[in-house]
Amino acid sequence: MQPKLTLLSDELIDRVLEEAYELLRCPGIKVQNPEAWELLAEAGAAIHPENQVIGIPASLVHKALESAPREFYLYDYDGNPTIHYGGDSVHFDPGSSGITMLNPETLEHETTETQHLLRLIKVAEQLAQYDAQSTAVICHDVPKEIQDSYRLYLVLLHSKKPIVTGAFTNKTVQEMIDMLALFAGGAAASRAKPRAIFDVCPAPPLIWSNFGAGNLIALARAGVPAEIVSVPLSGAAAPVTMLGTITQHTAECLAGIIIHQLARAGSPIVWGGAAAIFDMRKGATPMGAVETAMLDCSYAQVAKSLGMPTHTYLGATDSKLVDAQAGLESGISAMVGALSGINMISGSGMLDFLACHSAEKLVIDAEGIAMAKRMLDGVNLHTDTLATGFYDDKINFKGGDFLKQKITMQLFRKEQHLPSAIIDRDSMRGWKEAGSLDTFSRAKVIVNELLASYRRPEIDSGKIDRLHAFILDFAKKAGAEQLPTLEDYQPA
Amino acid sequence: MSEEMYKEMAQSIIDGDSDKSVELAQKAIEIQMHPLDAITKGFVVGVNYIGDQFGKGEAFLPELVMAGEAMKAAVATLDPELRKLGEAREIMGRVVLATVEGDIHEIGKTLVGTMLSASGFEVYDIGVDAPADKIIGKAIEVDANIIGMSALLTTTMVRQREVIDELEKEGLRGKFKVIVGGAPITREWYEKIKADGYSEDAIGAVKLAKELVGKE
Ligand code: B12
């Protein structure tokens, strides 16, 4: 039995939905994208052009919820369905779109470039806890026009895992969709076995911007999965109460699903977000706050009541270093996300309100995820009797006797997660002999090992060359003669 | 008598009570208290207090914002009187604030605006996704001292430079101080684009703005 955390009663969920429907109708949703406006107007929503607002009737919600798929898969490079969006499946991926990275030696937050993203990809590729890669940081060493698509290019080149990504403009989303199609062998193939999913954000409160709605529509039409990342910030861009925030989140997600399904009914779409409280002392958006995790758990319940696939941002910290605060916030929130049965939990590796990434943190967070996944496995029945069968004639009322049992040898791996070297359970002697290292120092060692053991997966070189030509073409149009040189790939 | 009233005025701001601050402003007019005295000896004291407390982590954003609103309401009530007297409240400076084109991150910019208003600046917040000509146009229109630009995306921060280049081209660069901010904005960047300053938070933004108008 998968253990489950729930914070809302069924009755409260009904009230959230009821009031979200009310919000959709009045005050309505501000829709700043002409195409989305057309789609909604044609479908019979009440338009108020004077303030760009559209009142959406419940009938449109029902229709969109009818056509939105309840589950779908993301596929790895080899075409295996490795990520299940739907039900209570739980997956993790590193946070996305960081702009700095922690240098483990100087502890500076460095502006990210190609080498930083590669470092993260290589580490995440080898950690089983990460079911997907993400386009984790921006590479400032390429022109801004291609910063979006270049990240995707690097991941496609260096990984076989599915990818959680996103685009910063309506133009680049199309380029990235095209890149995926090119890699998959055509748009139809890309639609049949999607490799990537795109985060798309409404703007709180209750706005679908030109940019956000435009991306939703492009993705829907291409049949490439989209993940709504609604970011209501309690007390700043949403009501101060958790229930108010969850209700606004519900309305923003429903409006997004409607626009998306109107563009192309049946395209895959996920109920997601990065809901957070707003810190009233510092004016910040704490991703590691317990209330943030509570908001996410709650909105996931709302989604599940409608049968929708889910996503959230947890497993990150607001600390600037990979320290005790980072461990606390990332571990606790990853656990809450897992217990909430959220299909994709993004955020691992991230520091400083999702601005900064760290490969060392990625390695440490993998252990937090392993703990969470162990928790999800629950307490299982392995033997006919619970205990009585264990007390055979060899038991002499001595501690240690159970070590002699064959069944101990057989079952301990099923019962216990074997932590990586991140977790120290050594004796004082052993710990000192190993260098008296703290968690961060141990993580540094592991990162270096992973970087050394990384081999770029075997990927059809024809595909890669085509992808390279595609991206190089963009780079040239943006005024760059060439792309940064890569150690393990030289274009033909 | 006035001492008592100044205290009440300050308190109305600290309490973030716009009804009360307006009521006291009206009373000041009735008893012919000089509007500038009402502002500087009364209301402003409250704003400064809350600002200090916020800086120390002892007051919170909603209190700061409500205090700002109460202050605005009081000043709006006193303004016609001031004008009748042919006087104007001394302001720290005029600031045009915007989030640059292509970028819809709003909260940081708004927060900076709130803090600047609370500190005596006149703030013209023209919102998000603001193109260069709109920003510059507004700055000319209100005769701003400072242009403040927010950018939260690495792909939109270049817009800050475009505005500066445009000012340069139109021979307006010397007229305005330009300050920048947002998650990806670093010292390196602001120096590179030849802005006049940057800040990583709202409190720093106020300090910077005061320095730039020579009032620190
Ligand atoms: C909330 C948020 C959003 C909300 C914004 C809601 C709103 N109404 O404003 C929404 C959901 C709309 C959003 C959308 C997107 N976002 Co966003 N967002 C954030 C987040 C989590 C917090 C920003 C925030 O409000 N912080 C709180 C405020 C108070 O802080 P602040 O903005 O930094 O402002 C302070 C200082 O910077 C400074 N300051 C700010 N402006 C100014 C101006 C001046 C003149 C001065 C002096 C100082 C100053 O003072 C402020 C007060 O202390 C950041 C993460 C981060 N660490 O910044 C990501 C982040 C900025 N977003 C990011 C991304 C990728 C996006 C999207 C592209 C996602 C997508 N795929 O759709 C879209 C972009 C949309 C667009 N075209 O603009 C990335 C940026 C990556 C990059 N390479 O640039 C970040 C870093 C998160 C991440 N890792 O993914 N986002």
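In the text below, chain A, chain B and the rest are named by the order of the sequence lines, each starting its count at 1. Keep in mind that what you see is a predicted model, and the values were worked out from it rather than measured.
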Provide the closest heavy-atom pair for A:A203 versus B:I104 in the form atom of the first, atom of the second, distance. CB-CD1, 3.9 Å

B:K175: what forms a salt bridge (Lys or Arg N to Asp or Glu O under 4.0 Å) with it, not counting sequence neighbours? B:D143

Taking all heavy atoms of A:G283 and all of B:L61, pick out the closest pair and write down the distance. CA-CD1, 3.4 Å

Return the set of residues passing salt bridge (Lys or Arg N to Asp or Glu O under 4.0 Å) with B:E122 (not counting sequence neighbours), or none when no residue passes. none

For A:I207, is it the side chain, the backbone, both, or neither that has a heavy atom closer than 4.5 Å to a heavy atom of chain B? neither

If you count the non-hydrogen atoms of other residues, nucleotides and ligands that lie under 6.0 Å from NZ in B:K215, is the total more than 12? yes

Dump the table of donor-acceptor contacts under 3.5 Å between chain B and chain A, or return none if there are none.
| residue | atom | partner | partner atom | Å |
| --- | --- | --- | --- | --- |
| B:L61 | N | A:M280 | O | 2.8 |
| B:T154 | OG1 | A:Q147 | OE1 | 3.3 |

Verify the neighbour count for atom CZ of B:F60: are there more than 12 heavy atoms of other residues, nucleotides or ligands below 6.0 Å? yes

Checking heavy atoms, do the side chain of A:F278, its backbone, both or neither come under 4.5 Å from chain B? side chain

Any residue meeting ring-ring contact (aromatic ring centres under 6.0 Å, His included) with A:F470, in chain and number order, not counting sequence neighbours: A:F474

